[in-house]
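Fair warning: this is a prediction, and the values are worked out from it, not measured in the lab.
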Amino acid sequence: MTRIYVHPLPVRVWHWVMALCMGVLAVTGYLIGSPMESVGGEASEHFAFGYIRFAHFAAAYLFAVMFAMRVVWAFLGNRFSRELFSVPFKLFSGEWWGGLIDQAKYYLFMKSHARPWQGHNPLAAAGMFFMYVLGTVFMICTGFAMYGEAQGMGSLTHTLFTSWVMPLLGYSQNVHTLHHLGMWYLLVFTIIHLYMVVREDVMASETIISTMFSGWRTAK
């Protein structure tokens, strides 16, 4: 294996900005769903919950914009930039399924070595698409549907999201509950993702974590 430039700068910036946004959204979203106790004194002296909601909304807008930019970059970047969205086109490939099963055996300690992959291995690509990509789309749609509900009819977010998400998923509380569960879904993905990249960086024959900083994947 030679030294390969896998992740261009836009992908690396997107990755770390999205990670930061997910952290802010998870913490503030949890506090919105399970608010803190009321504080004493004049209401005008306190705006803690307002700041929490503002941080959540600001991070949500940045999260959505960065995801949209990542979709655009899939068409502008190198071939590795398209791997995040390419899984549906590989589901009928026997070679891809063979790589996925082989990688699953490796993660289950049924094999001592895995095949070298220049970009995402098939199992990681499947996890990224079905958990991260679809989970992100779901969270963006349900989040902006709730935001549009507060903005009211005629607002852009109500027209683009609330008008069809609410009828599709049910009344408002259903959307709130599903959005909250979606947060845990992405957190589970994050835990699995961290385990896989740390394990790979220790046991694989090529760099993993440093690649998301430098962009280069190098044989060890």
Side-chain angles (χ1 to χ4, degrees), residues 1-19 21-23 26 63 66-141 181-220:
M1 179 179 175
T2 57
R3 190 168 180 254
I4 300 173
Y5 192 59
V6 176
H7 300 307
L9 181 61
V11 173
R12 304 198 305 273
V13 172
W14 164 82
H15 175 273
W16 296 114
V17 172
M18 291 292 275
C21 288
M22 285 182 64
F63 185 80
M66 292 300 291
F67 184 75
M69 291 175 62
R70 184 64 180 83
V71 173
V72 173
W73 187 256
F75 297 95
L76 302 178
N78 59 14
R79 62 187 179 93
F80 302 109
S81 300
R82 292 183 281 277
E83 288 184 334
L84 195 65
F85 309 98
S86 64
V87 169
F89 304 101
K90 297 179 179 180
L91 292 178
F92 301 100
S93 168
E95 181 182 358
W96 186 83
W97 279 104
L100 185 144
I101 294 171
D102 184 74
Q103 196 70 26
K105 289 180 178 179
Y106 170 67
Y107 282 126
L108 292 172
F109 297 97
M110 297 172 65
K111 293 186 63 176
S112 59
H113 295 86
R115 306 179 195 176
W117 299 96
Q118 295 178 349
H120 291 303
N121 65 67
L123 185 61
M128 290 290 289
F129 179 80
F130 288 109
M131 294 196 73
Y132 176 74
V133 173
L134 297 185
T136 295
V137 171
F138 178 82
M139 293 299 283
I140 290 173
C141 290
L181 292 174
M183 176 194 73
W184 290 107
Y185 184 74
L186 286 180
L187 286 176
V188 169
F189 159 78
T190 302
I191 294 170
I192 296 172
H193 177 64
L194 289 173
Y195 162 73
M196 292 174 72
V197 296
V198 171
R199 182 184 188 276
E200 283 294 272
D201 209 63
V202 173
M203 302 181 66
S205 59
E206 64 271 353
T207 58
I208 303 295
I209 297 177
S210 62
T211 303
M212 195 49 74
F213 288 95
S214 67
W216 291 92
R217 177 149 295 169
T218 308
K220 293 189 294 187

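Closest heavy-atom contact between Trp96 and Lys90: CD1-CD, 3.4 Å. Scanning all heavy atoms of the two residues, the minimum distance from Ile208 to Glu200 falls at CG1-CB, 3.7 Å. Scanning both residues, Val87 and Ala125, for their nearest heavy atoms gives CG2-O, 3.3 Å. Across all non-hydrogen atoms, the minimal contact from Arg12 to Phe213 is NE-O, 3.1 Å. Between Met131 and Val188, the closest heavy-atom pair is CE-CG1, 4.3 Å. Listed here is the closest heavy atom pair of Pro88 and Phe129: CG-CZ, 3.3 Å.
Note that CG of Leu181 is 8.0 Å distant from CZ of Phe138, once rounded to the nearest 0.5 Å. Taking CD1 of Ile192 as the reference point, atom CZ of Phe189 lies at 8.5 Å (rounded to 0.5 Å). Taking CG of Leu100 as the start and CD of Glu95 as the end, the distance is 12.5 Å to the nearest 0.5 Å. If you take OG on Ser86 and CZ on Phe80, they are separated by 11.5 Å, rounding to the nearest 0.5 Å. Atom CE of residue Met203 and atom CZ of residue Phe109 lie 5.5 Å apart, to the nearest 0.5 angstrom. Here the OG1-CE distance, from Thr190 to Met22, works out to 3.5 Å after rounding to the nearest 0.5 Å.
Listed for the Arg82 side chain is a donor-acceptor partner under 3.5 Å among the backbone atoms of Gly77. Formation of a donor-acceptor pair under 3.5 Å by the Trp97 side chain with backbone atoms of Leu91 is found in this model. Asn78 contributes no side-chain N or O that, together with a main-chain N or O of His7, makes up a donor-acceptor pair within less than 3.5 Å. Judged by distance alone, the side chain of Gln103 and the main-chain N or O of Leu123 form no donor-acceptor pair under 3.5 Å.
Ring geometry for His15 against His193 counts as tilted: the plane angle lies between 30° and 60°, on a 0 to 90° scale. Under the 30°/60° scheme for interplanar angles, the aromatic rings of Tyr195 and Tyr107 are found to be tilted. Tyr5 and Trp216 have tilted rings, their planes meeting at an angle from 30° to 60° on a 0 to 90° scale.
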(message) Does Thr207 form a side chain to side chain donor-acceptor pair (under 3.5 Å) with Thr211? I'd like the steps, not just the answer.
(response) CA-CA 6 Å; Thr207 58; Thr211 303; 3.1 Å; yes

(request) Let me see the working for Phe85 and Arg70 under side-chain contact (heavy atoms from CB on, under 4.5 Å), right down to the final yes or no. (result) CA-CA 10 Å; Phe85 309 98; Arg70 184 64 180 83; 4.0 Å; yes

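Taking a 6.0 Å sphere around CH2 of Trp16, one finds it holds more than 12 heavy atoms contributed by other residues, nucleotides or ligands.
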